[in-house]
Amino acid sequence: MSFLSRRIKELRLAGMLLSRLPMGALKDPVPTLPDARWAYPMVGLALGVLMSLVAYLGMLLGFSNGIMVLLVVAFGVLLTGGLHEDGMADLADGFGGGQTKARRLEIMRDSRIGSYGVLALGLTLALKAQAMFAVFASGAVVWPLLAIAVSSRFFMLAVQEYLPPARADGMGFNASETGGWRIWVGLLVMILSVIPLGSAAIAVLFAMALASLALGFQAKRLIGGQTGDVLGAVQLAAECAGWLALSLYV
């Protein structure tokens, strides 16, 4: 199999993992999840493009910025199947309601949502929507959507790269691997995506890194590492932090 064919398969696998976009069936040999991790930001780019199209359509139809923001947020959730939102809710329930590592992991695996999860998810989405409204009102729509969608998925990759799996099974374990060239490709894609933000890019990346670091630190302290829920929560927290930071520059 050629180099290009392998990378395309890895990109498709990352798309299957992080979105509900149709990727078709992969034929043998199928790449592993660790092989595909470099493509997380590329999946973010595809999602950002699609959300930008919805925003553009909303502008053509004459929707207010508030309605357009809600449409974009809802469409983003649809594209990912609520993957990251589910991670945030599960993480908040586990970290807030468990007293031991084992109990926290048990709560995080429970599909039911508790009060901590409702509060964390509701506040995160509300903050993100309000910050997006401020940015959209300034006239900046497409590049912020692309840059933040790409960058937030790079920080998923970074946390996965540097935190050990908290479980011996699940997405966090199956996709975990460190070293090699893959994180550097993801970093390059992220840097290219934020260049159009100009001077705001540094503040946006700093805010996203800080949010990711804080969640990663808590995950290491409370459950010993990362899980799929932790990675999903990192993406959503980084995304929210990026929009908040950008809203200060418009």
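Reckoned from all heavy atoms, side chains included, excluding hydrogens, waters and symmetry mates.
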- Message: The test is side chain to side chain contact (heavy atoms under 4.5 Å, CB included); show your working for L105 and R167 and say whether it passes.
- Response: CA-CA 8 Å; L105 288 171; R167 291 192 181 101; 3.8 Å; yes
- Message: With side chain to side chain contact (heavy atoms under 4.5 Å, CB included) as the criterion, how do L236 and E85 come out once you've worked through the C-alpha distance, each side chain's angles and the decisive distance to 0.1 Å?
- Response: CA-CA 7 Å; L236 190 57; E85 290 76 14; 4.0 Å; yes
- Query: Under 4.5 Å between any side-chain heavy atoms of S151 and V204, yes or no?
  - Reply: no
- Item | Any donor-acceptor N or O pair under 3.5 Å, side chains Y162, Q226 | no
- Say you draw a straight line from CE of M208 to CG of L213; how long is it, rounded to the nearest 0.5 Å? 14.0 Å
- Message: For a 4.5 angstrom cut-off between non-hydrogen side-chain atoms, does L192 reach V150?
- Response: no
- Message: Rounded at 0.5 Å granularity, tell me how far CG in L119 sits from CD1 in I113.
- Response: 9.0 Å
- Quick one: pull up CD1 in I223 and OG1 in T100 and give me the separation to the nearest 0.5 Å. 11.5 Å
- Message: Assigning hydrophobic clusters by single linkage (Ile, Leu, Val, Met, Phe, Trp, Tyr; side-chain heavy-atom cutoff under 4.5 Å), is W184 placed with V159?
- Response: yes
- Item | Same apolar cluster (I L V M F W Y, side chains within < 4.5 Å links), W143/L248 | no
- State, yes or no, whether a side-chain contact exists between L50 and V54 at a heavy-atom distance under 4.5 Å. no
- Side chain to side chain, K128 and V73, heavy atoms closer than 4.5 Å: yes
- Message: Quick one, V49 and L146 - any side-chain contact, counting heavy atoms below 4.5 Å?
- Response: yes
- Query: Roughly how far, to the nearest 0.5 Å, is CD1 of I107 from CD of Q99?
  - Reply: 8.5 Å
- Task: Could you pull out the closest heavy-atom pair between L163 and A219, with the gap in Å?
- Result: CD1-CB, 4.3 Å
- Is there a path from L205 to Y40 through hydrophobic residues (I, L, V, M, F, W, Y) whose side chains come within less than 4.5 Å of each other? yes
- Message: Could you tell me if the side chain of L215 sits less than 4.5 Å from the side chain of V230, heavy atoms only?
- Response: no
- Task: Flag this pair as yes if the NZ/CZ of R7 is under 6.0 angstrom from the six-membered ring centre of F3 and inside a 45 degree cone about the axis; otherwise no.
- Result: yes
- Query: If only atom types and distance count, is the side chain of D93 paired as donor or acceptor with the main-chain N or O of G117 below 3.5 Å?
  - Reply: yes
- Any side-chain heavy-atom pair from P164 and K220 closer than 4.5 angstrom? yes
- Can L187 be reached from V43 by stepping across I, L, V, M, F, W or Y side chains whose heavy atoms are under 4.5 Å apart? yes
- Message: Does the plane of the ring in W181 sit parallel, tilted or perpendicular to the ring in W38? Use 30° and 60° as the thresholds.
- Response: tilted
- Task: With side chain to side chain contact (heavy atoms under 4.5 Å, CB included) as the test, would you mind laying out the steps for R6 and D35 before giving the verdict?
- Result: CA-CA 9 Å; R6 288 197 299 271; D35 287 342; over 6 Å; no
- Task: Please report the shortest heavy-atom distance between G242 and I148, naming the atom on each side.
- Result: C-CD1, 3.8 Å
- Query: Can you hop from L18 to M23 via hydrophobic side chains spaced under 4.5 Å?
  - Reply: yes
- Query: Where do A137 and N65 come nearest, in terms of heavy atoms and distance?
  - Reply: CA-ND2, 3.4 Å
- Message: Distance check, rounded to the nearest 0.5 Å: F133 atom CZ versus S64 atom OG?
- Response: 7.0 Å
- Task: Could you check R182 against V185 for side chain to side chain contact (heavy atoms under 4.5 Å, CB included), going step by step and ending with a plain yes or no?
- Result: CA-CA 5 Å; R182 285 174 169 81; V185 172; 5.8 Å; no
- Shortest non-hydrogen contact from A129 toward V69: O-CG1, 3.5 Å
- Would you sort out whether E10 and R37 count as a salt bridge (Lys or Arg N to Asp or Glu O under 4.0 Å), showing the intermediate values? CA-CA 8 Å; E10 290 165 5; R37 69 190 191 277; over 6 Å; no
- Message: Quick check: do L145 and M132 have side-chain heavy atoms less than 4.5 Å from each other?
- Response: yes
- Message: So, taking the atom named CZ in F75 and the one named CG in L57, what distance separates them when rounded to the nearest 0.5 Å?
- Response: 10.0 Å
- Paired with E106, the side-chain hydrogen bond (donor to acceptor under 3.5 Å, both in side chains) test is passed by just one of R109, R103, R104, namely R103
- Message: Taking V135's backbone N and O only, do any of them form a donor-acceptor pair with S138's side chain (distance below 3.5 Å, no angle check)?
- Response: yes
- Task: Taking all non-hydrogen atoms of both residues into account, name the closest pair between A241 and A211 and its distance.
- Result: CB-CB, 3.8 Å
- So, R12 side chain and A25 main chain: donor-acceptor pair closer than 3.5 Å or not? yes
- How close do A203 and A245 get, heavy atom to heavy atom, and via which atoms? O-CB, 3.8 Å
- Task: Determine whether more than 12 heavy atoms belonging to other residues, nucleotides or ligands lie under 6.0 Å from atom CG of L26.
- Result: yes
